[in-house]
Amino acid sequence: MHREGFCRFPDLIRGPMEFAWSNEQDHVIQRADGTCLYHLANVVDDADFRITHVIRAEEHLSNTPRQIFIAQGLGFSLPQYAHLPYVAEPGSSNKLSKRKLNQYLKNQDFKKLCEHGQQVASAARMATSPDTFNPVIVDFYRAVGYLPDAILNYLVLLGWSLDDRTETFTREEMVRHFSLDRVNKGPASFDPQKLWAFQCRYMQALPAPEKCDMVSPYLQRAGLVGTPASDGERHRIERVVEAAGDRIKTAGDILEFTEFFVSDADLQFDEKAFTKRFSQPGAADLLRRFRDRLVQLAPFDAAATEAALRQFVDEEQIKIGDVIHLLRLAVTGKSVGVGMFDAMALLGRDHSIARIDRALARVS
RNA sequence: GGCCCCGUCGUCUAGCGGUCUAGGACACCGGCCUUUCACGCCGGCAACACGGGUUCGAGUCCCGUCGGGGUCACCA
C-alpha cells in the first residue's frame with residue numbers, strides 16, 4: 001500500500017472522505033493456494049459487473065481505501081460510494097446482530113414480537129428453531145404472515161425520510177422519492193412496536209379477498225380446512241375474516257379463531273374463564289333460558305340474535321353483561337373474540353345451540 | 001488503543017441562521033365509545049448532550065469537552 005498521501009473519495013451520504021494511506025496496513029489478497037480473499041474478489045467482481053454505485057453499510061467505510069487501492073492497481077475506474085448507517089439494537093446504538101438474540105429478548109417489545117410469532121408457529125404446527133425463527137431474520141416475518149409492503153415501509157423510514165409528515169409509501173412511491181442525500185448518517189435502532197404499527201396499518205387496508213388468500217395456508221397447515229379449501233370452507237374463511245376485522249394483525253392470527261373451524265365436540269373451553277363465569281349463582285339457569293329463546297328465533301342472524309338478547313335482558317331486568325359472557329364462553333370457548341352476534345350468526349343456530357347445551361352439560 | 005463516524009422527545013425523524021414558546025409518527029398516560037377483545041375519536045406528557053466562540057440573532061456555522069458507535073483477519 002502507499003506509505004504517504006491520502007485516499008480521498010466522495011461518499012454520497014457522508015460527503016468528502018479522507019484517509020491517510022500511512023494508517024493502512026498491507027493486506028493479503030490471495031492465499032498460497034491461489035484462492036482470493038474478499039476484498040480482491042469484491043473489487044474484481046464489481047468491475048466485472050460494471051457496478052456504478054457501491055451502496056453498503058457503514059461498517060465497510062474503513063475498508064474502502066484498501067478496495068480503492070486494489071481497484072486502482074488493477075486499472076479499474078472507481079464506483080461511487082454510499083455508506084448507509086446500520087440498523088441498531090432496540091433502544092441502543094449497537095449494531096443489530098443475529099447472534100445476540102438472547103440479549104434482545106430482555107427487551108419487552110422485542111420479546112412480544114417474538115412470542116407472537118411463536119404462538120402462530122405452534123398453532124400452525126411449524127417447526128421452528130430459535131436460531132432462524134426470530135425477528136432479526138427476515139424469514140420470521142414471512143412465516144408469521146406479515147405483509148412485505150409493511151416491512152418495506154417500516155424499513156425505508158429507518159435512516160431516511162421524505163419530509164416532516166409523509167410516512168406511508170407504496171413501493172412505487174419509494175422508488176420515486178428515495179434519494180441517498182436524505183439518508184441519515186447515524187444508526188437507527190430497530191423498534192419492534194413501530195414495525196408492528198405499520199403491519200397493523202397495512203393489514204387494515206388490505207382488501208378482504210387478499211386477506212383470505214393470505215390466511216388460508218395457515219388454516220391448512222393447522223389441518224382445519226382442506227388443501228385446497230372447498231367452496232364451503234372458502235366461504236367460511238371469508239366470513240370469519242370479515243367478522244374478525246382488525247383483530248387479524250398478521251395472517252397467522254387467523255389461528256386465534258379456530259372456534260369457527262372445529263366441530264362442536266372438539267371445541268376447547270378456556271377452563272379458568274369458564275369456571276369463573278359459570279360459578280356465579282344462577283348462571284347456568286340464565287343461559288338455559290336464553291338458549292330456549294334462540295331455539296325458536298327466525299331468522300337466525302346477527303341482528304335477530306342481538307334483538308333477542310336485548311329483549312331478554314330487558315325482561316329479566318339484568319344487564320347485557322350478565323349473560324353475554326356466559327354465552328361467549330359457551331359458544332366459542334373463549335372470553336375474547338369477534339362480536340358475539342357475528343359469532344352466532346357465523347356458526348348458525350344448530351351449532352350455537354349444540355355448544356350451549358354442551359357447556360350446560362358440563363355444569364349440571 | 002489507532003483510524004473513522006455519529007449526537008433533536010423513550011424510539012424513528014422534520015429542521016439546511018430569524019417563520020422553533022422545535023413539527024409529525026410509534027410508544028406511553030388520561031377520557032369517550034363499548035357484550036369481550038380489537039378498532040375508532042378527543043386530550044396530554046415528552047427532546048435540541050455540555051461549554052466556548054461567530055452573528056443583531058444558533059437546534060441550525062466553527063472549536064473544544066463529554067457521550068455513543070463502527071472498524072482494525074490468509075471471514076465475508
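Side chains included, hydrogens not; waters and symmetry mates left out as well; all remaining heavy atoms used. A note on names: the letters A, B, ... follow the listed sequences, proteins ahead of strands, and every chain is numbered from 1.
Of the residues in residues 254-283 of chain A, none lies under 4.0 Å from RNA chain B by heavy-atom distance.
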Would you mind building the protein contact string for nucleotides 32-40 of chain B? One character per nucleotide, 5' to 3', B for base within reach (heavy atoms under 4.0 Å), S for sugar-phosphate only, - for untouched.
---BBBSSS
How does protein reach along nucleotides 23-29 of chain B, written 5' to 3' as B (base within reach of a heavy atom under 4.0 Å), S (only sugar-phosphate), or - (no contact)?
BSBSS--
For nucleotides 67-76 of chain B, 5' to 3', base contacts (B), sugar-phosphate-only contacts (S) and non-contacts (-) with protein non-hydrogen atoms under 4.0 Å give -SSSS--BSB
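Residue pairs meeting the ring pair (Phe, Tyr, Trp, His ring centres under 6.0 Å) criterion with at least one partner in residues 26-54 of chain A, sequence neighbours excluded, do not occur; the list is empty.
For B:rU36 and B:rG23, the P atoms lie 37 Å apart once the distance is rounded to whole Å. Distance check on atom C1': B:rA58 versus B:rC16 gives 13 Å, rounded to whole Å. The same atom, C1', is picked in B:rG53 and in B:rU60; the two are 15 Å apart, to the nearest Å. On the P atoms, B:rU19 is 16 Å away from B:rG15, given to the nearest whole Å.
Within the 4.0 angstrom heavy-atom criterion, no nucleotide atom of any strand lies near A:D33.
With 3.5 Å as the limit, one finds a donor-acceptor pair spanning the side chains of A:T35 and A:D33. A:D46 and A:N42 form a side-chain donor-acceptor contact under 3.5 Å, judged by distance and modelled atom types alone. For the residue pair A:Q311/A:E315, the side-chain donor-acceptor check at 3.5 Å is satisfied.
A cation-pi contact, defined as under 6.0 Å to the ring centre and within 45° of the axis, is absent between A:R66 and A:F69. Figure legend: cation-pi geometry between A:R362 and A:F274, with NZ or CZ positioned under 6.0 Å from the six-membered ring centre and within 45° of its axis.
Taking the charged nitrogens against the carboxylate oxygens, A:R247 and A:E256 have no contact shorter than 4.0 Å, which rules out a salt bridge.
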Got a list of protein N/O to nucleotides 43-45 of chain B N/O distances below 3.5 Å?
none

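Of the two residues contacting RNA chain B, namely A:L61 and A:S161, the nearest-nucleotide position lying further toward the 5' end is that of A:L61.
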